[in-house]
Structure formats: structure tokens, C-alpha cells
Amino acid sequence: MIGGGSTEPEPGKDWAAFQYEIYLKGMTGAVPRLPADPSRLAEMAAARLGPGPVGYVAGSAGSGSTERANRAALDRYRIVPRMLRDTSRRDLSVELLGTRLAAPLALAPIGVLSIMHPDAEAAAARAAAAQGVPFVLSSASSTPMEQVAEAMGDGERWFQLYWGKDREVTKSFLDRARSSGFTALLVTLDTPLLAWRPRDLDQAYLPFLRGVGTANYFTDPAFQAGLAKPVHEDLDAAVLHFVRMFGDPGKTWEDLAFLREHWDGPIVLKGILHPDDARRAEAAGMDGVVVSNHGGRQVAGSIGAAEALPGVVDAVGDRLAVLFDSGIRTGDDVFKALALGARAVLLGRPYAYGLGLDGQAGVEHVIRCVLGEFELTMALSGHTDAARLTRDALA
Ligand SMILES: Cc1cc2nc3c(=O)[nH]c(=O)nc-3n(C[C@H](O)[C@H](O)[C@H](O)COP(=O)(O)O)c2cc1C
Ligand SMILES: O=C(O)C(=O)c1ccccc1
């Protein structure tokens, strides 16, 4: 492959070869269906998809200050490229939560994906499996977890838990997730309540009030047990029950013992921004944390996620898996997060746009763009091993 490294088998996949695939296809007149630039991808999604769905995905909390802080925090760090270090062989794989990942990336849990594309989570999950990256399925998916698992074959899958008020529903979700082959549990702590989101308020647009994103709940025996009538006989009552039990602002650190007791695989707390909270996660027997502010969708005026990353890594990074999301758009963003000590990153909105514009193929395109650029960023700045990036690589 031209510029893609040696002709001997590479350790892992040759992500960087994607650029030449695009150029070579172009020689036969084929123009890529989707842009490689994440801003253009977002613009194209905004132009093609309806205002409600686009506002929901693109929007964030308050005036958008946290979303801007996420970008500013990543932009503030700069890569200092080093030369003549033999980068002909690159290894993007990382060890994480007891498995080896082909690349330091997973698809973030995004609920209600059917507002983007009718094939929704199944298409996104298939894309992840095809590219060899884990898919994190949201509790609030539009497709029941069993169906998504089936669509993925043996692709690596993690389950994101919205930890609601009903213990029986939580236990049932954990049982179902385990039997469907989900190996790790990500527990999202930053969304016990839905935040103030002006863009959705101004359109009065909230997908789950229309019964979108409730599939795991509506198919759940423990959830159904709390209803007077079957879901299909009284949809409004089912939605109301969902809204009432979905979040629980009353939870405290002590409650984690319940999850530890009912899930024997790795548990990762998503939404950690303070080093002391990371230490508490460790004390509670957790296996990892995701440094994240939910893509700026929860607390407006919050610290940019990348500002919080070094402190959390210093606190627990040698004992817990530290993952990162919020603002990752490009390969150099992935590089910076890893150099700051994250073991891997979660990709959010960009894959939702890829899905909305071109289904499974669109998601695969987005994954390949980010990882292609990441591999080139590593090589061009003098690094060969994704697992060994350190802060020295940054100014
Ligand atoms: C439309 C949308 C829905 C989301 N739904 C969930 C969810 O169900 N569970 C969850 O833990 N995080 C959810 N998130 C947050 C993402 O997992 C992730 O933290 C965030 O998108 C990362 O920021 P980024 O989009 O700027 O990359 C959602 C984000 C978006 C944009
Ligand atoms: O919109 C979100 O950010 C989110 O996390 C969510 C919450 C409930 C249902 C679907 C998505």
C-alpha cells in the first residue's frame, strides 16, 4: 500500500490505507458519499435530516458553553512532532477491560438512534463489528438489546446502564445484557435528570415522549410488571412510567455495591470529571471511568472534559481503565486524549451523523476517517504504539 507501511503483515489493521482507498476509487470517478471533514459531515446532516432530530443530536445544555469548552480544551493542547524515528510499522491496539482492542476507540452510547435512521442501533452496531471496534448500546436504544446483539455477531459489545429507580428493572437489564453477550457495563452518572436544553425546548422535541428510545423498557418483564395495562393498550401510561423511573437523582456512592453484586464483569463509571470521584470509583470496586461531560449536554458552564482528564489519570490511571469522550472529532483529538493518559476514547455525535446520512456504511466511513487520521497523526509525529503515547508528545 502506497505510504501505508511495509508489505509484511502489520500488527493489526492498516487504518491509514483508507485515504488511498478513497483516492484510488476517485480515479474511476467515484466521489466519496460522505465528507472526511467532521464539520462538513455535521452540516450535511443538518441539511438533510429533520430539525427535531438534528436539534436533538447536535444540541447541548444551556447556551452551549460546555460543548465549546470541550473543543477549546482539546485545541489548547498541541502535538509536537518528532522526526526520523522509523514509523513504518504501527500498532494501534490497546489492552482494555481484559480484552485487546484493535484500536483505541469505541462507539459511545447514543440513545434513540431511530430518529437518525430506520436501521438505528443495529446498523451502528454492525458497522462497529465490521470495523472491529466495540459498540456501547444505550439503555435508551430504539431497538431491544437482544436484537442489537444478534445483529453484531461476535462483535465486542458493552452495555450502558441508565440506573433508574426500579431495582427489579435494573437487575433484569443486567441479566438480559449478560445473556446477550454484553461483556462490560458502563454506568452513566451524569444524567439522573435531563438537563436544560434550549434547542429541544424551543421545538418541544423529546423523542422518548413519543415512545422512541424505550424499547429495552417496553420489552422488559420487570418494567411491564409495573403497568396496569400492556404497553400497546396504553402507550401514554407506559411512557409516563418510563419517565418516572428512568433517572434517579437520589443515588449515592453507597448504591454502587448493588451493581457490583449483580454484575460480575467490568464496570465503568461514565461522567467522571473530578479526581476524587475517580478515587471513589476505585474504592467502590469499579474497573474504570469515562472522563466525560456527556458531550456538553448536561451541565452548562462545565469544565471541558479534556481539562479534567490529566487529573483523573494522575489519581487512578495506573489502576483503573480511564476512557475519554466529549468533543472527539478527529484523529489528532484521539491522539491528544491518549497522550493525556486515556486508554481509549468514545466517539459520539459524528457516528450519529454518519448513520443519519448513510446507515451502516456512513458509520463505517466515520470510524475509518477518525482511525485513519489517528494512525497518520501517530506516524507523522514519530510514534508507533497507541498504548505508549505520553504527555511528552504534547506541548
Ligand atoms: C443524541 C445523543 C444521545 C445520547 N444518549 C446517551 C445515552 O443514552 N447514554 C449515555 O450514556 N450517553 C449518551 N450520550 C452521550 C454520549 O455517550 C457521549 O458522552 C457524547 O456524545 C460525547 O460527546 P461528543 O458527541 O461531543 O463526542 C448521548 C449523546 C448524544 C449526542
Ligand atoms: O440525550 C441524551 O444525551 C441522553 O443521554 C438520553 C437520555 C434519555 C434518552 C435518550 C438519550
Side-chain angles (χ1 to χ4, degrees), residues 38-39 41-42 45 49 52-61 64 66-74 105-117 120-121 124 134-143 145 158-164 185-197 199-200 205-217 239 242-243 245-247 268-273 289-299 302 304-306 323-330 333-334 337 345-356 366 370:
S39 306
L41 184 79
L49 305 167
V54 161
Y56 187 76
V57 175
S60 48
T66 301
E67 204 189 344
R68 288 192 296 279
N70 286 339
R71 281 310 318 165
L74 283 164
L105 181 121
L107 298 190
I110 293 191
V112 302
L113 280 176
S114 64
I115 65 173
M116 291 279 101
H117 193 280
E121 291 82 11
F135 181 71
V136 190
L137 182 71
S138 166
S139 278
S141 58
S142 358
T143 317
M145 59 181 105
W158 303 340
F159 184 72
Q160 177 266 328
L161 180 70
Y162 270 133
W163 193 12
L185 186 68
L186 271 70
V187 184
T188 300
L189 301 181
D190 56 21
T191 314
L193 301 160
L194 193 64
W196 187 255
R197 297 182 183 168
R199 228 168 134 172
D200 299 331
Y205 182 86
L206 193 56
F208 49 77
L209 290 189
R210 303 154 192 232
V212 177
T214 53
N216 288 318
Y217 299 84
V239 168
F242 166 80
V243 170
M245 56 81 63
F246 166 77
V268 177
L269 300 184
K270 179 168 180 278
I272 297 296
L273 293 164
V289 295
V290 185
V291 173
S292 166
N293 56 30
H294 211 103
R297 298 165 68 80
Q298 288 298 101
V299 178
S302 151
L323 288 85
F324 175 84
D325 79 22
S326 298
I328 296 282
R329 297 292 173 268
T330 60
D333 294 335
V334 180
V345 302
L346 306 180
L347 186 64
R349 292 182 184 87
Y351 94 77
Y353 298 139
L355 175 71
V366 170
V370 172

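Counting begins at 1 with the first residue of the sequence. For ligands, and for the atoms within them, numbers begin at 1 and follow the listed sequence.
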*Counting heavy atoms only, which part of Thr188 comes closer than 4.0 Å to ligand 1: side chain, backbone, both or neither?*
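It is the side chain that touches ligand 1; the backbone stays farther off.
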*Using heavy atoms and a threshold below 4.0 Å, how should the contact between Gln160 and ligand 1 be classified: side chain, backbone, both, or neither?*
side chain
_Option passing side chain to side chain contact (heavy atoms under 4.5 Å, CB included) with Leu346 (candidates Pro109, Ser292, Ser326, Pro134)_ =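 For Leu346, the side chain to side chain contact (heavy atoms under 4.5 Å, CB included) test succeeds with only one of Pro109, Ser292, Ser326, Pro134, which is Pro109.
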Can you list the atoms of ligand 1 that are under 4.0 Å from a heavy atom of [X]?
X	answer
Gly327	23 (O), 24 (P), 26 (O), 27 (O)
Gly111	3 (C), 4 (C), 5 (N), 6 (C), 7 (C), 8 (O)
Gly348	21 (O), 25 (O), 27 (O)
Ser138	7 (C), 8 (O)
Val57	1 (C), 31 (C)
Ser292	19 (O)
Asp325	18 (C), 19 (O), 22 (C)

Closest approach of [X] to [Y] (non-hydrogen atoms, all atoms of both residues):
X	Y	value
Ile272	Leu189	CD1-CD1, 4.2 Å
Ala306	Phe324	N-CE1, 3.5 Å
Ala120	Thr143	CB-OG1, 4.1 Å
Ala195	Gln298	CB-O, 3.0 Å

Going by the atom numbers of ligand 2, which of them fall below 4.0 Å from some non-hydrogen atom of [X]?
X	answer
Ala140	9 (C), 10 (C)
Arg297	1 (O), 2 (C), 3 (O)
Phe208	8 (C), 9 (C)

_Whether Arg197 lies under 4.0 Å from ligand 2, heavy atom_ = yes
*Check step by step if side chain to side chain contact (heavy atoms under 4.5 Å, CB included) holds for Phe159 and Ser139.*
CA-CA 7 Å; Phe159 184 72; Ser139 278; 3.6 Å; yes
*Could you tell me how the ring of Tyr351 sits relative to the ring of Phe135: parallel (under 30°), tilted (30 to 60°) or perpendicular (over 60°)?*
perpendicular
Output the distance between atom [atom1] ([X]) and atom [atom2] ([Y]), rounded to the nearest 0.5 Å.
X	Y	atom1	atom2	value
Thr191	Lys270	OG1	NZ	6.5 Å
Gln160	Thr188	CD	OG1	3.5 Å
Trp163	Leu269	CH2	CG	8.0 Å
Asp333	Asp325	CG	CG	12.0 Å
Ile115	Tyr205	CD1	OH	4.0 Å
His117	Leu49	NE2	CG	9.5 Å

*Consider only side-chain N and O atoms of Asn293 and Asn70, and report whether a donor and an acceptor are under 3.5 Å apart.*
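Yes - a donor-acceptor pair under 3.5 Å links their side chains.
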*Using heavy atoms and a threshold below 4.0 Å, how should the contact between Gln298 and ligand 2 be classified: side chain, backbone, both, or neither?*
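Near ligand 2, Gln298 shows nothing, with every heavy atom at 4.0 Å or more.
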Would [X] count as a polar contact of ligand 1, with the cut-off being nitrogen or oxygen pairs under 3.5 Å?
X	answer
Arg297	no
Pro109	yes
Ala140	no

Top protein contact for [atom], by heavy-atom distance:
atom	answer
atom 12 (N) of ligand 1	Lys270 NZ, 3.0 Å
atom 23 (O) of ligand 1	Gly295 CA, 3.1 Å
atom 5 (O) of ligand 2	Tyr162 OH, 2.5 Å
atom 7 (C) of ligand 1	Tyr162 OH, 3.3 Å
atom 11 (C) of ligand 2	Tyr56 OH, 3.3 Å
atom 3 (C) of ligand 1	Ile110 CG2, 3.5 Å
atom 25 (O) of ligand 1	Arg349 N, 2.9 Å

Applying a strict 4.0 Å limit to heavy atoms, is [X] in contact with ligand 1?
X	value
Leu346	no
Ser326	yes
Arg329	yes

*asked:* Considering both backbone and side-chain atoms of Thr191, is one of its nitrogen or oxygen atoms within less than 3.5 Å of a nitrogen or oxygen in ligand 2?
replied: no
_Using the rule given for side chain to side chain contact (heavy atoms under 4.5 Å, CB included), can you reason through Leu347 versus Val370, listing the C-alpha separation, both sets of side-chain angles and the distance that settles it, and then say yes or no?_
CA-CA 9 Å; Leu347 186 64; Val370 172; 4.2 Å; yes
*Do Arg297's NZ or CZ and the ring of Tyr56 fall within the cation-pi criteria of under 6.0 Å and 45°?*
yes
